[in-house]
2 protein chains.
Amino acid sequence: MPEEKKKKKVSGVCSQPLIHEDIVERVQKKMPDENKLYDLAELFKVFGDSTRIKIIWALFESEMCVCDIAYLLNMTQSAISHQLRVLKAARLVRYRREGKTIYYSLDDSHVQQIFEMGMEHILEG
Amino acid sequence: MPEEKKKKKVSGVCSQPLIHEDIVERVQKKMPDENKLYDLAELFKVFGDSTRIKIIWALFESEMCVCDIAYLLNMTQSAISHQLRVLKAARLVRYRREGKTIYYSLDDSHVQQIFEMGMEHILEG
DNA sequence: ATAACATATGAACAATTGTTCATATGTTAT
DNA sequence: ATAACATATGAACAATTGTTCATATGTTAT
């Protein structure tokens, strides 16, 4: 829509070396280790999928085998297995074998509190 | 690698109508509303990116303008603006204008507790 | 050994997502 | 009005991710 404007310089875009040097410096000192923040993001990424959220929430209630979960969530056994692998890798679930069946259960004490806080945030809307 | 096996039926794959009907039924009753679980996943998805995690963590310490954040995280102003938009949409940050500058700050009381729980989980490893 | 079955997994594909680039918008000083 | 600058945003692109499909693996009963 806009016709050729006769702008001279692009300039702008954080041209200052730093606007609030003092603040940035103070914050920088308080920032946790880069790797820890990365790992934290990785953990939340695991929670950031509704299939996995459902699986975890179901496991709050009871341990279940893969087929149970698939049936409960109305999803493919394969899809559930793939997601359980992700949860396993994040050390959020554990499993035990009983014959052909494999039972999964929650393996974490913090998840419930994290979820509760998350719910509180959501329900404020 | 495996040569043609003479399997007859594919069968399997959750052939039973339900393995543990009682458990599944009980869990089903306890499951929260589908939409709430979806929203919860959406919230955690926002935390599931290290750039956004860093921005939030920085804002724990102090409100900052966009250029400050970009400088702190050694990222483009544009990238930061895009992410701030995501955080804004999730009602996690608020902003105030002061002249040309826009200051962002945290707008949530639960995030810190969620992050703390997340950190505890990570640090157990 | 073989069949049946619960589960796991690699490959493929579509969908989603984060960053970059270019440029628009909004504010201030001149 | 215009220049300068802080910020926002649309389009494009590469990278990541979730599901499906086919099939492998592991266990049990025969």
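Order of the sequence lines sets the chain letters (A, B, ...), proteins ahead of strands, with each chain counted from 1.
Taking atom CG of A:L84 as the reference point, atom P of C:dT7 lies 10 Å away to the nearest angstrom. If you take CD1 of A:I102 and P of D:dT25, they are 15 Å apart, rounded to a whole angstrom. Between the CD atom of A:Q83 and the C1' atom of C:dT7 there is a distance of 15 Å, given to the nearest Å. Rounding to whole angstrom units, CD1 of residue A:I19 and C1' of C:dT28 are separated by 14 Å. Straight-line distance from the CZ atom of A:R52 to the C1' atom of D:dG18: 8 Å, rounded to whole Å. Distance, A:F44 CZ to C:dT17 P: 18 Å, rounded to whole Å. The distance from atom NZ of B:K100 to atom P of C:dA29 is 8 Å, rounded to the nearest whole Å. With rounding to whole Å, A:N74 atom CG is found 12 Å from D:dT19 atom P.
C:dT2 and D:dA29 make up a base pair, with Watson-Crick or G-U wobble contacts both under 3.5 Å. Searching all strands for a Watson-Crick or G-U wobble partner of C:dT20 with both distances below 3.5 Å returns D:dA11.
Under the 4.5 Å side-chain criterion, counting only non-hydrogen atoms from C-beta, A:E63 is not in contact with A:Y104.
Between B:F60 and B:W57, the ring-plane angle classifies as perpendicular under the 30° and 60° cut-offs. Using cut-offs of 30° and 60° for the angle between ring planes, the A:F44 and B:F47 rings count as tilted.
Base engagement by A:S81 is indicated by at least one non-hydrogen atom pair under 4.0 Å involving a base atom. Within the nucleic acid shown, A:S78 comes within 4.0 Å of at least one base atom, counting heavy atoms only. The residue A:Y95 sits apart from the nucleic acid: no heavy atom pair falls under 4.0 Å. Using a 4.0 Å heavy-atom criterion, one finds that A:Y103 contacts no nucleic acid atom at all.
Taking 4.0 angstrom as the limit, B:R85 places none of its side-chain polar atoms (N or O) nearer than this to OP1 or OP2 of D:dT7. A sub-4.0 Å separation between OP1 or OP2 of D:dT17 and a side-chain N or O of A:K45 is present.
Nearest approach of A:I53 to A:F115, heavy atoms of both residues: CD1-CZ, 3.7 Å.
Counting distance only, with no hydrogens placed and no angle test, the side-chain atoms of A:Q77 and the base atoms of C:dA6 include no donor-acceptor pair under 3.5 Å.
The aromatic ring of B:H82 does not sit over the base of C:dT19, since the test of centres under 5.5 Å and planes under 30° is not met.
Residues A:K36 and A:E34 are not paired through a salt bridge, judged by the lack of any N-O separation under 4.0 Å between the basic side chain and the carboxylate.
Here the side chain of A:Y104 is nearest to one of C:dA8, C:dT27, D:dG26, namely C:dA8. Nearest nucleotide to the B:C65 side chain, out of C:dG18, C:dA4, D:dT7: D:dT7.
When each of B:K88 and A:T76 is assigned the nucleotide of DNA chain D with its nearest heavy atom, B:K88 is the one assigned upstream, toward the 5' end.
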Working for side chain to side chain donor-acceptor pair (under 3.5 Å), residues B:H20 and A:Y71
CA-CA 10 Å; B:H20 306 90; A:Y71 179 88; over 6 Å; no

